[in-house]
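This report concerns only the one structure given below.
Heads up: numbering here begins at 1 and tracks the sequence.
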Amino acid sequence: FGGIQIALGYLAPGTGAEAGFAVLAAIFAFFNGIYEGFVMSSLVAVPFWNTALLPMLFIIEFILGGTGVALLVGVTAGAGMNIDVLEWGSRILLPVIAIIIALYLVGASYGSAGAKASVRSLLIGPAGFSAPFWILAIVGIVVPLVVAGYSFFVAHEMSNILLLIGIICELIGSLAL
């Protein structure tokens with residue numbers, strides 16, 4: 001539905017069909033995120049996933065990813081989107097997702113032995129586990145946070161190249177989660 005909505009944004013901007021598909025895309029994305037989070041959180045065999053924070057983490061990450069895709073389309077194609085609103089959404093969601101991931105890891109580190117071992121492997125374990133996490137955390141969260149902070153506190157108007165770097169890094173982080 002999201003792809004249809006984007007296509008309608010080019011072919012028939014501002015029509016009821018475009019708005020209808022935008023609503024459908026948002027509803028289906030929301031329920032997809034809830035479903036995935038609840039399924040993973042209900043797996044007792046994997047203690048690291050067995051937490052109530054997982055559905056919230058997925059929902060916020062899905063919204064952040066959708067915001068990143070909309071920003072990418074808006075910046076590259078100028079599809080009549082309000083870039084300022086999308087940038088504000090990213091500025092709010094990026095710190096929120098960083099805090100939720102931190103809470104998730106801290107909570108799991110106080111959980112069962114399996115959850116503690118998972119957090120330890122993820123953060124300081126063998127390079128095969130910890131290096132990708134730290135690289136993707138820096139690329140997917142820290143770089144977009146720096147770009148968003150720079151655009152808000154320093155530049156106020158940012159070049160499209162810098163904005164694209166932040167958006168691409170944000171999308172890499174969303175896909176990695």
Open item on the list: Check for me, please, whether Leu175 and Ile59 land in the same ILVMFWY cluster - side-chain distances under 4.5 Å, paths through other members count.
Closed with: no
Show me the donor-acceptor pairs, under 3.5 Å and distance only, between side chains in residues 65-72 and residues at least two apart or in other chains.
{"unit_1": "Thr67", "atom_1": "OG1", "unit_2": "Ile63", "atom_2": "O", "d": "2.8"}

TODO: Could I get the full list of side chain to side chain contact (heavy atoms under 4.5 Å, CB included) partners for Ile124, not counting sequence neighbours?
DONE: Arg120
Task: Contacts of Ser118 that satisfy side chain to side chain donor-acceptor pair (under 3.5 Å) - sequence neighbours left out - done: none
Open item on the list: Quick check for you: to the nearest 0.5 Å, what is the distance between Ile60 atom CD1 and Leu94 atom CG?
Closed with: 11.5 Å
Open item on the list: For Trp88, give me all partners under ring-ring contact (aromatic ring centres under 6.0 Å, His included), at least two apart in sequence or on another chain.
Closed with: Phe152
Task: Side-chain hydrophobic cluster, 4.5 Å single linkage: members besides Val39 - done: Tyr35
TODO: Answer yes if Leu53 and Ile99 sit in the same cluster of Ile, Leu, Val, Met, Phe, Trp and Tyr residues linked by side chain heavy atoms under 4.5 Å apart, and no otherwise.
DONE: yes
Open item on the list: My understanding is that only residues two or more places apart in sequence, or in another chain, count here; which of them pass side chain to side chain contact (heavy atoms under 4.5 Å, CB included) with Ile172?
Closed with: Leu136, Val139, Ile168
- [ ] Just grab all the side-chain hydrogen bond (donor to acceptor under 3.5 Å, both in side chains) pairs involving residues 163-177, residues at least two apart or on different chains.
- [x] Glu61-Ser174, Ser90-Glu170
Open item on the list: Measuring only between side-chain heavy atoms, which start at C-beta, is Val119 closer than 4.5 Å to Val106?
Closed with: no
Task: Residues forming a side chain to side chain contact (heavy atoms under 4.5 Å, CB included) with Ser42, sequence neighbours excluded - done: none
Task: Pairs meeting criterion side-chain hydrogen bond (donor to acceptor under 3.5 Å, both in side chains) with involvement of residues 131-144, two or more places apart - done: none
Task: Spacing of CD1 belonging to Ile100 relative to CG belonging to Leu93, to within rounding of 0.5 Å - done: 9.0 Å
Open item on the list: Would you say that Thr51 contacts Leu57 through its side chain, given a criterion of any heavy-atom pair below 4.5 Å between the two side chains?
Closed with: no
- [ ] Any chance you could measure Leu162, atom CG, to Tyr150, atom OH, to the nearest 0.5 Å?
- [x] 7.0 Å
TODO: Determine the minimum heavy-atom distance between Gly166 and Pro144, stating which atoms define it.
DONE: O-CG, 3.7 Å
Task: Side chain proximity check, Leu145 to Arg91, heavy atoms < 4.5 angstrom - done: no
Open item on the list: Run the side chain to side chain contact (heavy atoms under 4.5 Å, CB included) test against Leu122 and tell me which residues pass, sequence neighbours left out.
Closed with: Phe48, Leu105, Phe133
- [ ] Could you grab the distance from atom CD1 of Ile97 to atom CD1 of Ile92, nearest 0.5 Å is fine?
- [x] 14.0 Å
Task: Hydrophobic cluster identity match, Ile138 and Ile135, side-chain contacts under 4.5 Å - done: no
- [ ] Return each pair, listed once, that meets side-chain hydrogen bond (donor to acceptor under 3.5 Å, both in side chains) where at least one residue sits in residues 92-112; pairs must be two or more places apart or across chains.
- [x] none
